[in-house]
Amino acid sequence: MTISELTLKSSDHEPARRFEVFTGSGRRRAWLPEEKARIVAESYDAGETVSAVARRYALSPQQLFAWRRAARLPLGEAPAPEPLFVPAVIAAPMSETPAKGPPKPRKRKAARDAGVIELEIDGVAMRVGRGADARTVAAVIRALKAPS
């Protein structure tokens, strides 16, 4: 079997004009920081477009735009991400001293406290009940966190 039979089948059995062999693992290239900086600087030259510079170095324009965006942030001055979660402390109610006789059920308080969340921020306690407006709660939390 010839190369032309492996590639495109033709009726006149022409030999292959071009045959490419790919070697290597095909993984991503590792760019040195100096190379990235030179390519980014070249993309800012007058008369150059990002697409033309990206084609010259076999990059996608999106990759070059990402490098340019990263170059605009000075090292060490990148904004610190805000914490996404805060620790939740679940405290069991303090057990009361046993009274004489069986304790009476406290249905009204239990029903009233069902679905209540208590937040404590800088020593200020806030109770959020069921059905509370989320925007109002968020505004109160922002006000508590704001420097005085």
(request) Answer yes or no: is there a side-chain heavy-atom contact under 4.5 Å between R29 and L59? (result) yes

Taken to the nearest 0.5 Å, the spacing of W31 CH2 from Q63 CD works out to 9.5 Å

Value for CG (L32) from CZ (R38), rounded to nearest 0.5 Å, stands at 10.0 Å

Step-by-step salt bridge (charged side-chain N to carboxylate O under 4.0 Å, His left out) determination, R56 to E48
CA-CA 11 Å; R56 198 172 307 133; E48 287 288 354; 3.0 Å; yes

Across all chains, not counting sequence neighbours, the side-chain contact (heavy atoms from CB on, under 4.5 Å) partners of Y44 are V40, R68, R72

Closest non-hydrogen atoms of V137 and A132, given as atom of the first, atom of the second and distance, are CG2-CB, 4.0 Å

Distance col, row Y57:OH vs E35:CD, nearest 0.5 angstrom, shows 9.5 Å

Heavy atoms of A54 and L64 approach each other most closely as N-CD2, 4.0 Å

